[in-house]
Amino acid sequence: MIWGRSCKFYLSLKFKRSVTTCTVPIDAPTTLSSTCASEHKTLCYSLVEQLIGRGLFSSAQQVIQRIIRQSSSVCEAISIVDFASERGLELDLASHGVLFRKLVYSSRPQLAEELFYNKIISGGAYPDPLVLDYMVICFCRLEKFEEALAHFDQLISLNYIPSKASFNAIFRELCAQGRVLEAFNYFVRVNGAGVYLGYWCFNVLIDGLCYKEYMGEALQLFDIMQITNRYPPTLHLFKSLFYGLCKRGWLVEAELLIREMEFQGLYPDKTMYTSLIHEYCKEKKMKMAMQAFFRMIKIGCKPDNYTLNTLIHGFVKLGLVDKGWLVYNLMEEWGVQPDVVTFHIMINKYCQEGKVDSALAIFNNMVSCNLSPSLHCYTVLINALHRDNRLEEVDVFSRSMLDSGIVPDHVLFFTLMKMYPKGHELQLALTILEAIVKNGCGFDPSIISSCKKLQSSSNLEKKIEMLLQEIFDSNLNLAGVAFSIVISALCEIEKLDCALDYLHKMVSLGCKPLLFTYNSLIKCLCKEGLFKDAMSLIDLMQDCGLLPDTATYLIIISEHCRQGNVKAAYYTLERMSERGLKPSVAIYDSIIGCLSRKSKIFEAEGVFQMMLEAGVDPDKNLYLTMINGYGKNGRLLEARELFEKMVENSIPPSSHIYTALISGLVKKNMTDQGCLYLGRMSRDGFSPNVVLYTSLIHHFLKMGEVEYAFRLVDLMERSQIEPDVIFYITLVSGVCKNLIVNKKRWCMLREENQMAKSMLFHLLHETTLVSRDSNEIVSANSIEKMKFLALRLLQKVKDVSLVPNLHLYNSIICGYCRMDRMLDANHHLELMKNEGLCPNQVTFTILMDGHIHAGDVNSAIGLFNKMNADGCIPDRIAYNTLLNGLLQGRRVPDALSLSYSMLKRGFSPSKLAYHNILKYS
């Protein structure tokens, strides 16, 4: 390449400052060495001119290259380039390489980049590998890493072995960006080519691979380090690999690594053994955990609270409480005192099993050991006492906790909120804020109220604002908790605008909202149908540096599932996985429940299997959802297998799980199998509840077994099981449906499975609190007796004090209509309205059908018109009901007019309506 004379001016401009600021003085005294160097360069220049004059350009280039390499500074190298340029001498790529090296290592990478593009690339020359190598370093120093990486790839593609300097530059940047897998791939290629890299490369890369959980690559690199490079591994590298293997769940490899450590004279410490024990406990391999524990003792590592608590928690989680106590009793032998965590593990387990008294005994023992219970201990016990309906103790326990000086948090607020009546959430928030002020800020809230002249004020929000200000002035972190509690309380009472105002105020004060604050607002927005606003709030939350957690995604996925939008739920699940978040069991439960309700049980099984493969263990709620789904879809064999699998996994069945399984078996006429599980349910200490009785009664009423169903009703009453609204709706609607059974059916009812039914009744009877037979046998072997039974039942329902319910009223109205008592039916319509319940399409359709059967088509037409006037838009069933009534009343023109209106609404007449049109036309 011919540079031309422009090169001289270009370089002189670029290096003017360098030349004039050279550290060597212009008039420096000439020493012997400098004189020799000057004479040598003069001779070289003279030689170059002689070679050019003879036409030996190649030899001249070699001399120039040698002079540039031997030059002592960049300034001197540039003068040599100028000399060659003035004489029209082509500077070869090797000389360029030498020049680029001097520019890069003399902190002139920007000029090297400009020369590279302007003199080599733009001239169409193919860069020499040596030049590329130097340019990799150059681009890294200019922080143009992608260009450096591209040139490094080009260098490797030429089968050129890069220098250590260029590889180290690439390697450092890849590791700094967290691109450890790319760094590993380059490392293997370069190291395999014979470039033996420093120990620090192995150290940094193994750490990065372990952090990213690329354990296969980390182990491969560990072998390369020892076998190929012969570097002895350090304790640090062993630990990095060990913790990475434990985190990934590769426990066999972790055990082998410990053996190798011991072979090389490096012994694992207590922290490493505890980590291994923790992972074995997590994988439910308690035998292996104990073996690791005893090895730790053998080598002289003394266990601490964390080690022993890990073992206790592992045994307790598997339901092996006795073995957990055994480890607890051995703590004193090892000189370790139980701490708050030790007691909390046992308290939490007993509370989960409903053994509240045992949990309270442990709590009192902890107090007697002069250990202060944590807030979490109190929260768990309060929740358990509430589930056990021991409300007075809840109140005493809560006051004791607040009096002990503990500062409450949002978890306690949510726990207590479930116990408070609806609408009292702000009052509870005020109580929690007063405790925060007293225990966290050191102020007496009553004195503050007195100073602010609000002690007699009934305005909760003013008091809350005052307390929030005091907390904010005292402690910014507590202010975040306090604001979040108030916002959540407002969300619960659906005061969304006020909640958003508090969020704005919180942010404007410089107080960072907690993640659960956003979650409360997102849940409230979803509840009000403002799904897009909820997603916008998530974006805002992320802009503030808070990423959605599993609770956030649970809210979104649950809302999708509630709407039946499984596709959107799957999409959200994928986004969650892309962010590296592991879905919780509650998220899987929500999706499986939605699929089960849609009778997509095979898809539900797929999601269940996906959850197991992801390493998420099912809990009681998920087992209940799956067993319920199997039962409703007639897959009772799979339901039983899953039940037994649950027991094998040391998850004790709940009464709800037994109920779902027994109900499913009875509904599939497998009553004998249902009896087996009913017996197990009794042996496990569970009594049949209102849900089980309701399910069984619904089944036998549906099968026309009215007498047997009412025997169960009587048994339930004698067991002192309080019926709920769903029970009465089931009972009334079931009896009413049996009112329209035709006479043939009364004769066709067969007494199948009598032995199984007798066994079922006997097992239920064993659980009754009063062991006496029923004084009254229900008779329902005719329509007249059924009507009498229905009237008695309707009267009883009217006498029971129940919260007004639309479905119950619809069932009652339906009963009166089926007994041709339209005055009573219409009377209950008015009663329903007086209690604030608006009739829906079902209500009007029931009444229209009743009037039609009574031969009063005009009243049915009036109801249809009233339905439209009240804004209750008729559906397809309402249209067809009136259409059939008009045809039965021979009012064909009115029927045809209605069918035309019906078609305009997008509804088509039923097959029966078409048949009647042809019949009466």
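Counting heavy atoms of neighbouring residues, nucleotides and ligands inside a 6.0 Å radius, atom OH of Tyr211 does not exceed 12 of them. A 6.0 Å sphere centred on NE2 of His807 holds no more than 12 heavy atoms belonging to other residues, nucleotides or ligands.
Under the 30°/60° scheme for interplanar angles, the aromatic rings of Tyr378 and Phe363 are found to stand perpendicular.
The closest donor-acceptor contact from the side chain of Gln841 to the backbone of Ile873 lies under 3.5 Å. A donor-acceptor pair under 3.5 Å is absent between the side-chain atoms of Asp589 and the main chain of Val585, judged by distance alone. With Thr517 contributing its side chain and Pro513 its backbone, the two residues share no donor-acceptor pair below 3.5 Å. Although no hydrogens or angles enter the test, the distance criterion places no donor-acceptor pair under 3.5 Å between the side chain of Ser695 and the main chain of Val691. No donor-acceptor distance shorter than 3.5 angstrom exists from the side chain of Asn383 to the backbone of Thr379, with no hydrogens or angles considered. Not a single donor-acceptor pair under 3.5 Å links the side chain of Ser474 to the backbone N or O of Glu470. The closest donor-acceptor contact from the side chain of Ser558 to the backbone of Leu554 lies under 3.5 Å.
We find that Lys527 and Glu494 are joined by a salt bridge, their nearest charged nitrogen and carboxylate oxygen being less than 4.0 Å apart. Glu434 has no carboxylate O lying under 4.0 Å from a charged side-chain N of Lys438, or vice versa, which leaves the two without a salt bridge. The pair Arg399-Asp395 meets the salt-bridge criterion, with a side-chain N (NZ, NE, NH1 or NH2) lying under 4.0 Å from an Asp/Glu carboxylate O. Ion pairing between Glu465 and Lys462 fails under the 4.0 Å rule for side-chain N and carboxylate O.
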Query raised in the report: Yes or no on ring-ring contact (aromatic ring centres under 6.0 Å, His included) for Phe483 and Phe472, after CA distance, side-chain angles and deciding distance?
Result: CA-CA 9 Å; Phe483 267 106; Phe472 174 76; 7.3 Å; no
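Of the options Pro652, Pro618, Pro653, a side-chain contact (heavy atoms from CB on, under 4.5 Å) to Met646 is made by Pro653 and by none of the others. Checked options Tyr571, Phe531, Tyr570; the residue passing with His560 is Phe531 (criterion: ring pair (Phe, Tyr, Trp, His ring centres under 6.0 Å)).
Remark: Asp339 pairs with Asn305, Asn309, Val341, Thr342 by the side-chain contact (heavy atoms from CB on, under 4.5 Å) rule, at least two apart or across chains. When the salt bridge (Lys or Arg N to Asp or Glu O under 4.0 Å) test is applied to Arg390, the partners found at least two apart in sequence or on another chain are Asp357, Asp388, Glu393.
Taken to the nearest 0.5 Å, the CD1 atom of Ile591 stands 12.5 Å off from the NZ atom of Lys600.
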